[in-house]
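Below is one structure, written out as structure tokens, with a few remarks after it.
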Number of protein chains: 2
Amino acid sequence: MRLRTPFILACALLLMGSTLRADEGMWMPQQIPELAGRLKAMGFKGNAKAFADLTGHPMGAVVSLGGCSASFVSPDGLIATNHHCVTGGLQFNSTPQRNLLRDGFLAKTREEEIPNAPGSRVMVTTSVTDVTDAITGDIDPASTDRQRYDIIERRVKERIAACEKGGLRCSVPSFFEGLKFYEIAQLEIRDVRLVYAPAEGIGVFGGETDNWRWPRHTGDWSFLRAYVGKDGKPAAFSKDNVPYRPKHWLRVSPEGVKPDDLVFVVGYPGRTQRHQTLLEVKETAEWTLPRAIRQAEEQLSIIDRLTRDNADLALKLAGRIQGLNNGLTNRKGILEGLVKGGSLAKKEVREKELAAWIAAEPSRRQKYGDVLPALSSLQSESEKTRERNAVLASLSTASSYLDAAQTLYRLSIERAKADIDRERGFQERDWNRIREGQERLQRSLDATADRALLSWAMGKAAMLPADQRIEPLDRTVGLRPGMRGADAEKAAESYLDRLYAGTKIGDKDFRIGLMDKSRAELEAGRDPFIALAAALEPLAESIREAGKDRAGAYARLRPRYMQAMLEKAGGLVAPDANSTLRVTYGQVKGVDAKDGLFYKPQTTLQGIVEKHTGEGEFNAPAYQLEAIKKFRAGKKTPYLDRALSDVPVNFLSTVDTTGGNSGSPTLDAKGELVGLLFDGTYESVASNYLFDSIKTRSIHVDSRYMLWNMTEVDGADNLLREMGIR
Amino acid sequence: MRLRTPFILACALLLMGSTLRADEGMWMPQQIPELAGRLKAMGFKGNAKAFADLTGHPMGAVVSLGGCSASFVSPDGLIATNHHCVTGGLQFNSTPQRNLLRDGFLAKTREEEIPNAPGSRVMVTTSVTDVTDAITGDIDPASTDRQRYDIIERRVKERIAACEKGGLRCSVPSFFEGLKFYEIAQLEIRDVRLVYAPAEGIGVFGGETDNWRWPRHTGDWSFLRAYVGKDGKPAAFSKDNVPYRPKHWLRVSPEGVKPDDLVFVVGYPGRTQRHQTLLEVKETAEWTLPRAIRQAEEQLSIIDRLTRDNADLALKLAGRIQGLNNGLTNRKGILEGLVKGGSLAKKEVREKELAAWIAAEPSRRQKYGDVLPALSSLQSESEKTRERNAVLASLSTASSYLDAAQTLYRLSIERAKADIDRERGFQERDWNRIREGQERLQRSLDATADRALLSWAMGKAAMLPADQRIEPLDRTVGLRPGMRGADAEKAAESYLDRLYAGTKIGDKDFRIGLMDKSRAELEAGRDPFIALAAALEPLAESIREAGKDRAGAYARLRPRYMQAMLEKAGGLVAPDANSTLRVTYGQVKGVDAKDGLFYKPQTTLQGIVEKHTGEGEFNAPAYQLEAIKKFRAGKKTPYLDRALSDVPVNFLSTVDTTGGNSGSPTLDAKGELVGLLFDGTYESVASNYLFDSIKTRSIHVDSRYMLWNMTEVDGADNLLREMGIR
């Protein structure tokens, strides 16, 4: 996948006691001791209880980068993660003269290490506490849905504020569809530096063509280092900061894995949707995904036209292009799995079974009888305005200018409130993040591209049906339902002329300066993008308000929906992924991926030579090819796999992972790092909705490929020594 | 590949006694008895000598369709071949109302069988006689190269004429680079009728996307019937003709194959080039193939533009599009194999070894010392004008109008000579074929497409360097070397306006009427295409004359080149393919096709469902999908493979095949038809130049898939009964 970006919604995974299949489940660390028997049967010799100790080994070594996972691999805060998790940092630090993305980067000394992109974080989870009672206990059953929402929201904010008093970063996510809430405290390291990333020809070898595919030969690793103040506490970047000394770090294994080996992946999977109702999955299959696929294709074709002869712009938009392509393939895969793969049909069977199970007993009818019909009617209600809401959202997805204006305008509104009353994302604790986001944004801003994409999104708005118009946009731009396409385009282009000619929001200092302005000051400034944001705000606000009502209803219904499913299933269950720390286990294994085709469990250097074309996505650096040639000519290496007669590159396993797991350490039964999780096969992606225990495979880079490259290709001896490899 | 069209040049395959690898070799039938030991070791229980008897079983059942192979499968002249071998016939018999290509065709009775395309032939080889002495014996060593060419050419023509007196069709091809000549006599059946072809969604399932690829799910079979006069002798089509009753026919096996089974393929492989010199292969890799790839891509893009919104034209050009695409992928695969796969490097090693072997002994230096240098200088000489010659040839490849005009104009010249003095291809024995070709052509003629492609080819001519101009074209069109592109285009378009406005050569009756005209009559008719052909003729003739000189030199040198290689290698050797009857053997086997990827040896119905998208190239007919559904719901079938738990569709084997083998029966150790050869994998195509015994795999359709479809999908009970299946 590039298992980086988390996806869409949130729900939970059932493992039914009787029909338990290996490998399904992104387990909360505290659940692992209960799986000790299963792990032992799979050959695990260690102590399953160790996983429950977040401050012990190996859990204390695993960190989140926000959207990616990573782990400490030396006592000096050296961090291993995926190459694609530092694309932003490499891009941010690149100049036309020195392209770190293309050529790679290696700091041979601490002094040469450079700050990663603004906003980079290393988050170390230090505690997970069940706070369900504190969040959802004692809510008057007679509360309206909106009251329920407000109560929960305020309690969550209060808990977070209290928790963060200790200097940690806290969150209170829900698990099992709101049935459980846990307070999670994290150490937040804010000085993160780039240490090492191989050249693009290694780290992104195969590019979009190979993304989500097997056989794979991607060197998807990079190294960062966490820095803290001299007092050992997290601090903003400073030359005087010192490397963070984690209590635990992972040994990078020079032995690697072989087929059928037990492996664990520990990390921060983003979102799975295994407990959506049938209607929700249907909407995903019939509306959300086809629409998202179409939109990504349209945007990519616009960007392709703009960047074809413009390498600078291509570099600026690299992240967006990668994200669109990645999401596109992912969504196509999910759609295929849902429709052709039959997951939707299975989902239908399961929901019928659930309904029958509820109907079978009066007590169940009493407890759960209203849940499915109520969820269904909420769903129908929301579908009425979904097209308009999606188009409104796409305006700011398309235009970073508008997105920035909306963020800053909302901030000015929220700032006027007491902190506890501010919307989440706009509280004081978020301001620094907002500022960093606006700084980071600068490297990818381009007025021409921004305008082209906003024009495209406005075209969609112009075509909305009369009963789902974005009225403030219509008024501002001069659009009307049923307008001829050419007229709408003329109106929009004339408006866009004024918009981009008049705005200063593309200027970083101007933009960041707006963070301190009041709403009145912003409005008085008359920047046309701020004016557009202000015009759209009442509609956006009313949509958010409707969302809160619905969220309150969900808070009332979904926990009972989940409870019914848990009760029906019995046994130990892993909750759906929600960007919190999880452990999954499985085996190194190939797969009968398609009729007539077997994906072998491992790839080797040989495949790099086979795939290398010398251009585009398959362009291994000459110095790597030279090293492979020497290896073939007989140069000895400890990273040779005797069974393969070659150095292993990537491998497949049956672990259960999703977006957000990127960069997660893959551990062997001894707890050593044998690889980094970085992707899943195309046939796996629909497992986010319904786990397919036959076809699902995750893709890892083998630690031996990392070490071989560090030794023979990139000369990263300093890091090898630091990791105790030589 | 669609193993239909033969490719480019001709040479011979060495099997070195000591390093013999299984499966390499397209053996002449008379060589098979010598391989009895090897076959026995592979599990063959039959009598290897039987293959040498062309009038016995199984050889008597195998026929050529000209460019395709086939076999009798019933005592009533029923013939099984590939679907893609009858594309022309289906296309020729289609109308806008009744699209046989799209919907398939089944004659439920003999009366419903319809004539295949004009010029269809079924050729049954009845004898193969060594005539080497008669052709190359007693040639005065002092003869010039041109004299040598003329002597051999005349002797060949005389032998053919004498042989055909008996009513058979004869040829005298050379084997082993002119070291051997064999006279081959064939029964030529001229009334060939369409009996059955599945719908395109079965017969071409996977289209160009899957062509040359695995896993494969193509139902690439069709059935024809051979008809003869009431006297049992070949005759032109007549309602009164009766089915031909072959002495031998193959039993279609309902048991099929399993992995590791020994299989034979008997058929008419077109051309292999395993004995080109290094310089020749280099020219292929560096000039011929890249040029052909570029040209095919350019032509396809022109055709794509023309046919995008024109379904009628798309049907007309279907054959050309398929041919271009097929050749394009094939050539890319060969190029990849030669350059990246390392075949060129291996070839270099082999040639150096040969040169060293020759240099090692005075007697060898004496016999062979001049051969490699002489071949090399012939090669350099021919490269001087290759670009001009290739562009001249591409004019008539691009334009069927010009091709027809040139053919008819040359015919008028040759007709004036005594038959024995006429060029081969223009003798009396060829006139009927020329006429049929002109008739068949009509269904694919389109003035707009023809002009667009001729304009493209003229553009190439306009850009030729000053020392390689096509002068008569320059004069006729008004082109000059170094002309500005726009001026050349203007001149060409103005000429093309006149050319297509003034010609009647697109009219079938007019065109065929020209066959009987003398050169003077043709010239007096002033058709502008004939005028163009006449203008080009002197240059074309001088190129042919130079070719004859070179062919004479080759006739002197290449047999000695071959002899040196044979002497160096020792052991039994199969000659290069040359469109004559051959036998190859191997095993049903998967392959480690790429690093990390294993091609399983068989595919099943499951894969059709997986690949089906409902549109384009992956559009299985609803009634087939319905039959698969019934099968999955438990409907019994004798064609179930228990090991696969499914009906097999296609399989891989290690047999050595090439273009022309399409439609060849695949026989098991009992001599029963277990499948039809129809393609090879992409990784195999470079084996035409240097056999890769590790990666080479041929692709077959399993007889059980044919029979299952005939039973459950197409209701071809009449044919099943005729074949004795039920």
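Residue numbers begin at 1 in each chain, while the letters A, B, ... track the order of the sequences. Just so we're clear, the structure is a prediction, and the values are computed from it rather than from any experiment.
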Please classify the contact of A:D592 with chain B as side chain, backbone, both or neither, using a heavy-atom distance under 4.5 Å. side chain
Take atom NZ in A:K258; do more than 12 heavy atoms of anything else shown fall under 6.0 Å from it? no
Where does B:N650 contact chain A at under 4.5 Å (heavy atoms): side chain, backbone, both or neither? neither
Quick check on the interface: out of A:A593, A:P215, A:G590, who has the most heavy-atom pairs with chain B under 4.5 Å? A:P215
Quick check: does any side chain N or O of A:K594 sit under 3.5 Å from a backbone N or O of B:K611, one acting as donor and the other as acceptor? no
Derivation and outcome, side chain to side chain contact (heavy atoms under 4.5 Å, CB included), residues A:D595 and B:K600: CA-CA 8 Å; A:D595 181 45; B:K600 299 170 81 174; over 6 Å; no
Between B:H612 and A:K340 the two heavy atoms that sit nearest each other are O-NZ, 2.6 Å
Relative to chain A, which segment of B:V649 carries a heavy atom at a distance below 4.5 Å: side chain, backbone, both, or neither? neither
Rounded to the nearest 0.5 Å, the CD atom of A:E610 sits from the CG atom of B:L597 at a distance of 9.5 Å
Should we say atom NZ of A:K282 is surrounded by more than 12 heavy atoms from elsewhere, each under 6.0 Å from it? no
Most contacts with chain B, counted as non-hydrogen pairs under 4.5 angstrom, among A:P601, A:G596, A:G607: A:G596
